[in-house]
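Have a look at the structure below, then the notes.
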Amino acid sequence: MTAPATGWQPELDELRLREAHAKAMGGPDKVARQHAGGRLTVRERVAKLADPGSFHEIGAIAGRAEYDDKGELLRLTPSNCVMGRATVDGRKVVIVGDDFTVRGGSADATIREKPVMAERMANELRLPIIRVIEGSGGGGSVKTIETTGRANLPGGVGGTQLFHLTTANMAVVPVVGLGLGSVAGLGAARLAASHYSVMTKQSAMFVAGPPVVARLGQDLSKTELGGWEIQTKSGAVDHAVETEEEAFAAARRFLSYLPSSVHALPPVTACEDDPQRRDEKLFTAIPRDRRRVYQMRPIVESVVDRGSFFEMGKMFGRPIITGLARLNGLPVAVMASDPFFYGGSWTADACSKIIRFLDLAETFHLPVVYLCDCPGFMVGLEAEKAATIRLGVRAMAAMGQTTVPWCTVIIRNAFGVAGAVHGPASRLSLRYAWLSARWGSLPLEGGIEAAYAADLAVADDKAAKLAEIEDRLNQLRSPFRTAETFWVEEIVDPRDTRRLLTDFADLARPLLSPTPSALRMRP
């Protein structure tokens, strides 16, 4: 007579069997196809993204099962959503990823409660969330109508939680989106609804793919429709990389500057860079010839902690450089003009970039440093068509709504309304001007002809008269004349900039509060 089983070994065996089915994902053929396309599987991605052995999966054996006549499990096709908790560089996060080997990442092959739980877990446990996206992730494919016998109503009864949490989490925790293949529909929305998004250069993102767009008469490949150059230049995605490993590294580095939620402060790290360091190159960084441009990024790199500058959105809104950095170990949000693009004028795209970036700084308690060289808003017909002034006013409002400590360094130009918007208008911010700084209601170039039209009209030598007026006004607009009346607080040696900024960081540190701001991050 066989002895009765002791313990729960049969049940444990079944659990392990189901887990094995889940780890097989869509099966060997689909996994091989994923690898043949140069892409990792979702489980390989999680393993490379998380600290070794730290991933605690939730709902691994959820899926669609098939049984024999005796009720024994034949096979289990797992949900194509893999989610759980892990640590990244020692900090707890939520990771949720699409499994493209199961029905191409389509939502009709998932269980909608899984991504909802991932978003809710991040929200309520106050943990950053990393979305690994490949597929549509929406309400299903066209075939879903036939398989379910009904059409899905987007946002129908019981179906709004994912929509809500996808954007609501941006006001609570850091959200990172990684686009690692074809990303469409809700998948594209989830990628865009992030504080920082990265795609590989082999990937593509679009609201609807080429077959749908072809019905509009546009015959485009995936790359032509939504490749990395399209999406980074439009600002829909922040960064593009060659490999998935680079995407994981970018995600880890971005998170290193931010708190785990709005209820905490950014992590301060030890600084091995001398706060008093002076870079002699700064003294000659700005050409005396106002028509010559210069490189702003080396200036940024010089004044922040060595190697700490992490640029975001480089290909979009290019008159403005944005990124995270550290000053004496304190994470800060850095905004700087780039005179190589429209002289640093604020275009409509640049204004959109500023709005989003300042929301990020305010949401996660990052002091702001602005290295300003702004000749004003972009002008001309195209600027008017793009409603530059409307977006400019929104950028002004975003700056005015910030409450985090702020420091501005005027590097060269500060003209017009956009030039005036170099710090919050209603509160104290620190401001320094380099020896190369100049400012006014508008640049003299072009303005003299309008203001002195009568004098020029009667001049015997119009060119000589114009030069005379310009020379006279240039003397009057010396920054030292402005300093005489305390319209500018301090004019400084550029080589002292790092010392002044690290002093700002020391002043800012005790002012930071983990109390969530009333300003909320907008996608």
Side-chain angles (χ1 to χ4, degrees), residues 15-50 55-66 73-84 86 94-118 130-144 147-148 162 177-188 190-191 198-206 209-211 222-223 226 241 243-245 247-248 251:
L15 174 61
R16 297 295 180 243
L17 175 63
R18 289 172 179 266
E19 290 173 341
H21 280 282
K23 289 178 180 177
M25 296 172 286
D29 292 345
K30 295 295 178 61
V31 170
R33 184 176 178 183
Q34 184 83 354
H35 288 160
R39 305 188 307 279
L40 300 174
T41 66
V42 65
R43 293 189 175 278
E44 291 167 337
R45 289 165 175 165
V46 171
K48 288 180 178 289
L49 179 59
F55 183 56
H56 176 84
E57 188 173 358
I58 299 170
I61 62 173
R64 296 181 179 178
E66 297 179 35
L73 180 68
L74 292 174
R75 64 183 61 84
L76 173 71
T77 301
S79 161
N80 61 15
C81 171
V82 174
M83 54 83 68
V94 173
I95 299 176
V96 55
D98 300 331
D99 184 356
F100 198 77
T101 69
V102 179
R103 287 296 309 277
S106 174
D108 59 0
T110 192
I111 296 175
R112 70 182 183 185
E113 288 77 11
K114 290 190 73 175
V116 169
M117 177 173 283
I130 303 174
R131 301 176 186 142
V132 182
I133 305 170
E134 183 179 15
S136 65
S141 66
V142 172
K143 285 182 99 173
T144 310
T147 58
T148 63
L162 184 58
L178 304 180
L180 305 180
S182 294
V183 177
L186 182 56
R190 291 171 64 226
L191 183 59
V198 185
M199 65 187 294
T200 57
K201 292 184 178 180
Q202 299 75 39
S203 299
M205 182 187 86
F206 23 68
K222 288 183 179 181
T223 300
V241 294
T243 68
E244 295 189 14
E245 286 80 1
F248 305 147

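The shown structure was predicted, so the numbers you read here are calculated from the model rather than taken from an experiment.
- Between Val102 and Pro78, the closest heavy-atom pair is CG1-O, 3.8 Å.
- The two residues Ser203 and Gly179 make their nearest non-hydrogen contact at OG-O, 3.3 Å.
- The shortest side-chain heavy-atom distance between Glu57 and Val82 falls under the 4.5 Å cut-off.
- The distance from atom SG of Cys81 to atom CG of Asp98, rounded to the nearest 0.5 Å, is 7.0 Å.
- Of all heavy-atom pairs between Leu49 and Ala251, the closest is CD1-CB, 4.5 Å.
- Here the shortest heavy-atom pairing between Phe206 and Ala188 reads O-CB, 3.6 Å.
- One finds the CZ atom of Arg64 at 11.5 Å from the CG atom of Leu76 (value rounded to the nearest 0.5 Å).
- Between Leu180 atom CG and Gln34 atom CD the span is 9.5 Å, to the nearest 0.5 Å.
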### Message
Before you tell me yes or no, could you show the steps for His21 and Leu73 under side chain to side chain contact (heavy atoms under 4.5 Å, CB included), namely the whole-Å CA-CA distance, both residues' side-chain angles and the distance that decides it to 0.1 Å?
### Response
CA-CA 10 Å; His21 280 282; Leu73 180 68; 4.1 Å; yes
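- Using a 4.5 Å cut-off on side-chain heavy atoms (C-beta onward), Phe248 and Val198 make no contact.
- Nearest heavy-atom pair, Lys222 versus Ser182, reported as atom, atom and distance to 0.1 Å: NZ-OG, 2.8 Å.
- Within the model, atoms CD1 of Ile133 and CZ of Arg45 stand 11.0 Å from one another, a figure rounded to the nearest 0.5 Å.
- With values rounded to the nearest 0.5 angstrom, Ile130 atom CD1 is found 13.5 Å from Met83 atom CE.
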### Query
When you look at Val183 and Arg190, which way does the side chain to side chain contact (heavy atoms under 4.5 Å, CB included) test go after all the steps?
CA-CA 9 Å; Val183 177; Arg190 291 171 64 226; over 6 Å; no
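- Note that the CG atom of Leu40 and the OG1 atom of Thr200 stand 10.0 Å from one another [nearest 0.5 Å].
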### Query
What do the steps show when you test Glu134 against Arg39 for salt bridge (charged side-chain N to carboxylate O under 4.0 Å, His left out), and what is the final call?
CA-CA 10 Å; Glu134 183 179 15; Arg39 305 188 307 279; 2.5 Å; yes
### Message
Assess the residue pair Val31 and His35 against the criterion (side chain to side chain contact (heavy atoms under 4.5 Å, CB included)); give the C-alpha distance rounded to whole Å, side-chain angles, the decisive distance to 0.1 Å, and a yes or no.
### Response
CA-CA 6 Å; Val31 170; His35 288 160; 3.7 Å; yes
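- The shortest heavy-atom contact between Ala50 and Ile95 is CB-CD1, 4.1 Å.
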### Query
Going through the checks in order, is the side chain to side chain contact (heavy atoms under 4.5 Å, CB included) test met by Met25 and Lys30?
CA-CA 8 Å; Met25 296 172 286; Lys30 295 295 178 61; over 6 Å; no
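- Checked against Asp99 for a side-chain contact (heavy atoms from CB on, under 4.5 Å), the options Thr41, Val132, Asn80 give a single hit: Asn80.
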